[in-house]
Amino acid sequence: MAEIGTTPVTDGLKAAGGWNQAWDEAAALDPDWMERFLEMGTASWQRGGLDAKTLEFLAIAVDASCTHMYAPGVRRHIAKALDLGATPKEILAVLQAVAVLGIHSVALGAPILAQEMRDRGMPLPAAIDR
């Protein structure tokens, strides 16, 4: 863990081009908190356990997820994955796998829509008209 008042992880990310500029204000307001956050987020990269290509796949999934959608990170991690020998088919599989996160919106909303339709006496498809 970095000493309070020092920001080696932050500094390293900035130097390597991995810094998200959306973090600028948070880092300026509380650089120690940002450093701890980044230490936690990069621990798996530092400790090993997963090979570099797999870590890039995970980073692509996180950055491309519907809750993140951080295009600069997706671009950076796709480039790195390709440089590490990933195939376009593997990267597409990662993107397709993370796309299912959005299904939860439908899984949550469709039953509510059906109930609201029932409440209003609107016709439902036979498959859900119970």
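Owing to the predicted nature of the structure, the values given are computational and were not obtained by experimental measurement. No hydrogens, no waters, no symmetry mates; every other heavy atom, side chains included, goes into these values.
- Between E35 and T10, the side chains place a donor N or O and an acceptor N or O closer than 3.5 Å (distance only, hydrogens not considered).
- Of all non-hydrogen atoms in A26 and M34, the two that sit nearest each other are CB-CE, 3.6 Å.
- In terms of heavy atoms, A81 sits closest to I91 at CB-CD1, 4.1 Å.
- Note that CG of N20 is 8.0 Å distant from CZ of R76, once rounded to the nearest 0.5 Å.
- The CZ atom of R47 sits 9.0 Å away from the OG1 atom of T42 when rounded to the nearest 0.5 Å.
- Between Y70 and H68, the ring planes are perpendicular. Angles over 60° get that label, and only those under 30° would be called parallel.
- Heavy atoms only, all atoms of each residue included: T87 and L82 are closest at C-CD2, 4.5 Å.
- Residues I78 and L92 are members of separate hydrophobic clusters, defined by side-chain heavy-atom contacts under 4.5 angstrom among Ile, Leu, Val, Met, Phe, Trp and Tyr.
- Under a cut-off of 6.0 angstrom, the local environment of NZ in K53 is crowded, with over 12 non-hydrogen atoms contributed by other residues, nucleotides or ligands.
- In the hydrophobic cluster analysis, where Ile, Leu, Val, Met, Phe, Trp and Tyr join through side-chain heavy atoms closer than 4.5 angstrom, W19 is grouped together with F37.
- At a threshold of 4.5 Å between side-chain heavy atoms, the hydrophobic network of Ile, Leu, Val, Met, Phe, Trp and Tyr places V62 and F57 in two separate groups.
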Just list the side-chain donor-acceptor pairs under 3.5 Å for residues 96-104, sequence neighbours left out, or say none.
none

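- Residues S44 and L55 meet the side-chain proximity criterion, which asks for heavy atoms closer than 4.5 Å.
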Go through the steps for I4 and R36 under the test side-chain contact (heavy atoms from CB on, under 4.5 Å), then give the verdict.
CA-CA 9 Å; I4 298 293; R36 300 304 170 271; 2.9 Å; yes
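- Both W33 and M40 sit in one connected hydrophobic cluster of ILVMFWY residues. Membership requires side-chain heavy atoms under 4.5 Å apart, directly or through other members.
- The structure places OG1 of T7 at 10.0 Å from CD of E39, a figure rounded to the nearest 0.5 Å.
- Counting only residues at least two apart or on different chains, the salt bridge (Lys or Arg N to Asp or Glu O under 4.0 Å) pairs with a member in residues 92-117 are E116-R120.
- Pairing each heavy atom of D32 with each of T6, the nearest pair is OD1-N, 4.4 Å.
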